[in-house]
Amino acid sequence: MASDVAPGTTGATGAAGVTEHGGRRRLHLNAFLKPPGEFLAAWRHPGAVPDAGVNIRHLIDLARTAERARFDALFFADLVGVPFADQEVLRRVSVVNDSFEPTTLLAALSTATSRIGLIATASTTYNEPYHLARTFASLDHLSRGRAGWNLVTSLNDAEARNFGLPEHVEHAERYRRAAEFHQVVTGLWDSFDDDAFRHDQASGIYFDDDKVHRLDHRGRYFSVTGPLNIPRPPQGRPVIVQAGSSEAGRSLAAAVADVVFTHHPDSAAARAFYAEIKARAAAAGRNPEHVLVLPALSTIVGRTLTEAEDKAERLYALLDPRVALADLAYWLGGVDLSTYPLDGPLPELPPSNQSRSAQRLIVDRARARNLTIRELARGLARDERTIVGTPETIADHIQEWFETQAADGFNVIFPYLPETLDDFADLVIPHLRRRGLFRTSYEGRTLRENLGLPRPASRYARDRHSA
């Protein structure tokens with residue numbers, strides 16, 4: 001198998017290509033699947049499957065393509081509502097209207113794959129800890145140790161109104177709840193010791209009663225007795241992913257996340273974020289090597305630059321301007337832009353109660369480039385995370401960010417499917433392998449093993465050891 005990194009690369013905390021524990025850094029690639037694609041008009045692409053969000057055969061094909069390419073994991077985002085109130089806009093987009101609930105989908109995909117990780121988004125704002133603890137423990141058992149939970153606090157008022165609230169819970173309050181939610185879920189996963197279940201038919205003993213633990217959690221937001229009614233997950237704890245880049249999001253990520261999804265406009269900002277998250281993790285008493293930072297990377301690949309640009313232009317031409325404007329308003333925090341001239345500047349905005357980091361990035365872009373609302377909407381639709389280029393160009397970008405400690409890998413986003421996934425798998429990954437940057441086979445059977453993350457010990461095992 002090819003080495004994990006190219007000669008001369010820089011390790012997370014040590015000499016070139018080597019971590020402080022003597023191992024070589026591994027490049028990690030996550031496949032962000034939002035069928036029929038991340039681009040809001042992807043469903044209109046001639047090569048798209050318009051009903052991709054609920055077409056299980058097509059989704060199995062995507063999953064198997066990603067596994068064949070040796071991606072670390074599949075990742076499915078989620079909303080528990082629709083983002084656009086305008087029905088005229090809503091009826092022109094696909095993924096927000098018809099997509100499977102992601103843990104249900106990943107349970108199905110676990111039977112069609114064998115090694116690739118399975119990460120689903122689930123909200124701490126509009127769920128209860130016991131329910132999610134059981135759901136992700138079940139997914140980890142079904143997949144034999146490949147589950148991951150993208151811990152989020154949800155985004156918009158439409159979600160809140162589906163759960164009896166007039167508006168979205170305030171930002172700081174959501175993150176306080178999320179921290180306690182995580183504490184309860186991980187405690188429930190430790191309900192049974194790894195060797196608790198005897199299944200001794202002769203004696204009639206199903207499990208050892210000294211190896212089961214009630215949680216008895218009583219906190220500000222939750223009162224949960226436990227135990228969880230399923231054995232400890234194969235990974236000990238499914239991989240925890242966190243994607244918040246606000247101050248509260250960074251604090252939570254450094255404290256609890258195994259993988260951090262993020263987005264930055266340039267490598268300098270990415271390096272600063274990377275260093276900050278690693279430092280915060282160390283300050284929280286964690287090994288920073290066990291907190292992986294994966295920025296977003298979207299690609300449109302052509303064998304020549306002209307071919308790639310032609311692909312991009314044909315895609316962008318499919319987007320209705322009304323959808324582009326609604327998407328801009330959504331990411332700015334659900335603001336009403338209809339009273340402002342499209343060819344005028346972006347107005348001053350109150351802090352978003354949705355994604356503050358996304359709002360900040362968009363506002364900073366508008367101010368730095370003196371963009372009008374129309375220009376900003378058009379530019380957002382094209383997505384600055386997207387590299388339009390040749391396989392060599394994209395491999396160069398990945399290698400530069402990896403070697404300069406701007407990233408441990410990437411959350412790879414596909415503007416339209418299946419073509420951009422096929423192109424990345426067939427054209428970009430071979431370049432990464434020739435450079436010694438990416439695996440040719442999986443290192444282990446669980447997601448933690450393939451991410452190079454240790455299996456957490458039960459809190460009760462730690463308590464016994466301390467005693």
Side-chain angles (χ1 to χ4, degrees), residues 30-69 71 73-113 116 118-123 135 139 142-143 150 155-156 158-159 162 298-301 311-324 326-327 330 381-383 386 411-426:
N30 187 73
F32 180 96
L33 296 183
K34 189 185 283 187
E38 173 71 6
F39 190 67
L40 285 171
W43 68 277
R44 299 183 63 196
H45 190 276
V49 176
D51 68 342
V54 290
N55 186 323
I56 188 62
R57 298 310 311 171
H58 176 65
L59 291 164
I60 287 172
D61 288 343
L62 296 179
R64 286 175 171 166
T65 296
E67 185 169 64
R68 171 177 57 81
F71 277 88
L74 306 172
F75 169 49
F76 286 89
D78 194 38
L79 293 173
V80 286
V82 296
F84 305 133
D86 187 334
Q87 192 73 13
E88 183 61 28
V89 170
L90 190 61
R91 75 188 187 97
R92 296 175 182 276
V93 295
S94 60
V95 70
V96 297
N97 290 321
D98 63 340
S99 57
F100 287 122
E101 187 282 318
T103 57
T104 307
L105 171 60
L106 290 177
L109 295 181
S110 73
T111 68
T113 57
I116 196 165
L118 307 166
I119 301 171
T121 292
S123 171
T135 296
L139 181 59
L142 287 168
S143 64
N150 181 34
L155 279 172
N156 62 59
E159 294 179 274
N162 288 333
S298 174
T299 65
I300 297 177
V301 188
K311 288 182 179 182
E313 288 305 316
R314 287 197 299 270
L315 177 68
Y316 298 149
L318 300 174
L319 185 64
D320 189 304
R322 289 168 291 188
V323 176
D327 191 45
Y330 173 76
R382 297 193 175 208
D383 195 340
T386 301
N411 192 31
V412 185
I413 295 170
F414 305 102
Y416 58 99
L417 291 164
E419 184 176 306
T420 52
L421 170 60
D422 292 338
D423 286 344
F424 194 95
D426 296 336

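Sequence positions, counted from 1, serve as the residue numbers for this chain.
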Side-chain heavy atoms of P418 within contact of H58, under 4.5 Å: yes

Looking at CZ of F32 and CG of N411, how far apart are the two atoms once the value is rounded to the nearest 0.5 Å? 6.5 Å

Taking N150 for the side chain and A77 for the main chain, is one N or O donor matched with an acceptor at less than 3.5 Å? no

Distance check, rounded to the nearest 0.5 Å: D422 atom CG versus D61 atom CG? 9.5 Å

Got a second to check how far K34's NZ is from L417's CG, nearest 0.5 Å? 11.0 Å

Shortest non-hydrogen separation from E67 to I116 and the atoms involved: OE2-N, 2.9 Å

Of the options I300, V301, T299, which is the one that meets D423 in a side-chain contact (heavy atoms from CB on, under 4.5 Å)? V301

Heavy-atom closest pair (T113 atom, A63 atom, distance to 0.1 Å) is CG2-CB, 4.0 Å

Under 4.5 Å between any side-chain heavy atoms of L33 and L74, yes or no? yes

If you round to the nearest 0.5 Å, how far is CG of L106 from OG1 of T111? 11.0 Å

Which atom pair, heavy atoms only, marks the closest approach of A425 to A69? CB-CB, 3.7 Å

If you define the side chain from C-beta out and look only at heavy atoms, does anything of L421 sit under 4.5 Å from F71? yes

Taking all non-hydrogen atoms of both residues into account, name the closest pair between A112 and R64 and its distance. O-NE, 3.1 Å

For the atom pair CG (L105) and OG (S110), what is the distance rounded to the nearest 0.5 Å? 10.0 Å

If you compare all heavy atoms of E101 against all heavy atoms of T104, which two are closest, and at what distance to 0.1 Å? OE1-OG1, 2.6 Å

Minimal heavy-atom distance between A31 and A66, with the atoms involved, is CB-CB, 4.2 Å

Any side-chain heavy atom of I56 within less than 4.5 Å of one from I60? yes

Under a 4.5 Å cut-off applied to non-hydrogen side-chain atoms, are L59 and F100 in contact? yes

How long is the straight-line distance from OG1 of T386 back to CZ of F39, given to the nearest 0.5 Å? 9.5 Å

Of L118, L109, I119, T121, the one forming a side-chain contact (heavy atoms from CB on, under 4.5 Å) with F76 is L109

What I want to find out is whether D426 reaches R68 closely enough, with some N-O distance under 4.0 Å, to be called a salt bridge. yes

